[in-house]
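Just below is one structure, and these are the notes that go with it.
Here the structure is a predicted model, which means the values were calculated and not measured.
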Amino acid sequence: MLKKRWAAAAAAAAGLVLLTACGSGGSSGGSGGAITLGFAQVGAESGWRTANTKSIQDSAKAAGIELKFSDAQQKQENQISAIRSYIQQKVKVIAFSPVVESGWDTVLKEAKNANIPVILTDRAIDSPDKSLYKTFLGSDFVAEGKKAGEWLTKEFASATGQVNIVELQGTTGSAPANDRKKGFADVIAADPKYKIVASQTGEFTRAKGKEVMEAFLKSQPKIDVLYAHNDDMALGAIEAIEAAGKVPGKDIKIVSVDGVHDALQALADGKINHVVECNPLLGPQLMDLVKKVAAGEQVPARIETKETEFDQASAKAALPQRQY
């Protein structure tokens, strides 16, 4: 959530803020023999990302792992700088959530040459050299897009005319944007009545989602459905839809991905129609993997998180215990 950006993100003019979760010191063993983990985060672009960061920081502390943390402010060059800094500091393990899919081979080869294992979290990379990282921990974004498309085709199964869809894409070139777009497109392609009439990046932020939706509403005379690649963009779009005098959830049906608290509340209130979950609470699983790769143990090449979907009833049931 934009208003929940923590102060460190705003202060990181160079995009690199190093924080330690327990103790200080940068040797490969860390202080007091603790494992040192260098984590390069995408940024604080959404409520999902804020929850993801908190999960990683809290889990590192609980696991006794010394965490060096950087916020890249959604810039690849900042992540690359952070990873190089971690290599120089001789951390035991590097983990990061890549801003975009491409352009990582050079810096990851540097980590490999320094014998520092790398773990990808949340987002994958498109490098053909799988030896550059030990494992990927995260979601199947194509499957998430397919779930959104399957909900849409069921919701509009009886529609006889063309169903006009607008799409708010995530950050251009990022794995979730590419894959959620593909999964959704693959499902709706089976029936020509489903047509994406406008598709543009909303950069995974609420403010940009609102701005792009305002443009869609002006340029498109008839919009039946909004497909948002994340909840924050959907929540921004709701503001634009209401400002245009339309009723979100009725005049324009909305399906989005993530499952953050505010989106489940909007779903419970009938302003969103369906939410596909993407679980941000990867911290405990990540720390388990960090300990294993630091000890030289073999780990699976890909580990997927368990996720569900929400309709209005299940959103109401989930809200009281929702952690993010």
Side-chain angles (χ1 to χ4, degrees), residues 1 45-52 55 97 121-124 137-157 163 165-171 174-190 194 196 199 201-206 209 213 224-238 248-249 252-282 304-319 321-324:
M1 246 166 277
E45 75 281 2
S46 63
W48 191 99
R49 189 65 56 189
T50 303
N52 179 244
S55 175
S97 182
T121 72
D122 171 44
R123 300 180 178 186
L137 168 66
S139 304
D140 184 336
F141 299 131
V142 174
E144 291 169 355
K146 283 182 176 174
K147 287 174 185 174
E150 285 159 2
W151 170 82
L152 176 78
T153 56
K154 284 175 191 165
E155 184 73 9
F156 288 87
V163 178
I165 305 159
V166 294
E167 180 181 34
L168 282 169
Q169 296 182 45
T171 305
S174 69
N178 293 344
D179 293 353
R180 286 174 188 161
K181 182 175 181 64
K182 181 183 186 310
F184 184 80
D186 286 350
V187 171
I188 66 167
Y194 300 111
I196 297 176
S199 182
T201 181
E203 297 171 4
F204 283 132
T205 70
R206 197 176 293 208
M213 191 67 201
D224 299 305
V225 185
L226 163 64
Y227 168 43
H229 287 191
N230 85 334
D231 290 340
D232 276 69
M233 292 189 294
L235 291 162
I238 285 170
I252 298 174
K253 299 287 179 78
I254 300 173
V255 56
S256 72
V257 182
D258 269 358
V260 299
H261 190 282
D262 285 4
L264 294 192
Q265 187 62 60
L267 177 52
D269 295 341
K271 294 184 178 185
I272 289 176
N273 304 88
H274 196 75
V275 172
V276 177
E277 186 180 42
C278 181
N279 186 359
L281 307 180
L282 304 179
E304 289 181 9
T305 49
K306 288 184 172 67
E307 294 162 343
T308 186
E309 298 176 64
F310 296 96
D311 58 13
Q312 190 173 42
S314 57
K316 285 177 179 175
L319 273 167
Q321 286 81 38
R322 206 65 177 165
Q323 293 179 50
Y324 53 93

### Task
Start with the C-alpha gap between Asp262 and Asp231, add the side-chain angles, then the distance that decides, and say whether side-chain contact (heavy atoms from CB on, under 4.5 Å) holds.
CA-CA 8 Å; Asp262 285 4; Asp231 290 340; over 6 Å; no
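- Between Met213 and Leu168 the shortest heavy-atom distance is N-CD2, 4.5 Å.
- Judged by distance alone, with hydrogens and angles left aside, the side-chain atoms of His229 form no donor-acceptor pair with the main-chain N or O of Ser256 at under 3.5 Å.
- A donor-acceptor contact shorter than 3.5 Å links the side chain of Ser97 to the backbone of Thr121.
- The shortest side-chain heavy-atom distance between Pro176 and Phe204 falls under the 4.5 Å cut-off.
- Side chain of Glu277 to main chain of Glu309: no donor-acceptor pair is present (N/O by atom type, distance under 3.5 Å, no hydrogens or angles).
- Gly47 approaches Asp232 most closely through the heavy-atom pair N-OD1, 3.2 Å.
- Residues Leu319 and His261 have side chains in contact (heavy-atom distance under 4.5 Å, counting atoms from C-beta outward).
- Considering all non-hydrogen atoms of both residues, Lys271 and Ile254 come closest at O-CD1, 3.4 Å.
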Identify every side-chain donor-acceptor pair in residues 144-152 under 3.5 Å, counting partners at least two apart or on other chains, and give the distances.
unit_1: Glu144; atom_1: OE1; unit_2: Arg180; atom_2: NE; d: 2.8
unit_1: Glu144; atom_1: OE1; unit_2: Arg180; atom_2: NH2; d: 2.9

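- Separation of atoms CD (Glu45) and OG1 (Thr171) is listed at 6.0 Å; rounding is to 0.5 Å.
- For Glu203, the side-chain contact (heavy atoms from CB on, under 4.5 Å) partners are Thr201, Lys208, not counting sequence neighbours.
- To the nearest 0.5 angstrom, Asn178 atom CG is 10.0 Å from Arg123 atom CZ.
- For Arg322 (side chain) and Gly259 (main-chain N/O), a donor-acceptor pair under 3.5 Å exists by modelled atom type.
- What you find for Pro280 and Ser55 is that their closest heavy atoms are O-CB, 4.2 Å.
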### Query
Do Phe310 and Leu264 pass the side-chain contact (heavy atoms from CB on, under 4.5 Å) test, and can you show the C-alpha distance, the side-chain angles, and the key distance before you say yes or no?
CA-CA 8 Å; Phe310 296 96; Leu264 294 192; 3.8 Å; yes
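- Atoms OG and CD, from Ser174 and Gln169 in turn, are 9.0 Å apart once rounded to the nearest 0.5 Å.
- The closest side-chain heavy-atom distance from Tyr227 to Ile188 is not below 4.5 Å.
- Taking CG of Leu226 as the start and NZ of Lys253 as the end, the distance is 13.0 Å to the nearest 0.5 Å.
- We find the NZ-CG distance between Lys316 and Leu267 to be 9.0 Å, quoted to the nearest 0.5 Å.
- Across every non-hydrogen atom of Ala157 and Tyr194, the tightest pair is N-OH, 4.0 Å.
- Considering every non-hydrogen atom in both Phe141 and Asp122, the closest pair reads CZ-O, 2.8 Å.
- Listed for the Glu307 side chain is a donor-acceptor partner under 3.5 Å among the backbone atoms of Asn279.
- No side-chain donor-acceptor contact under 3.5 Å links Asn273 to the backbone of Val255.
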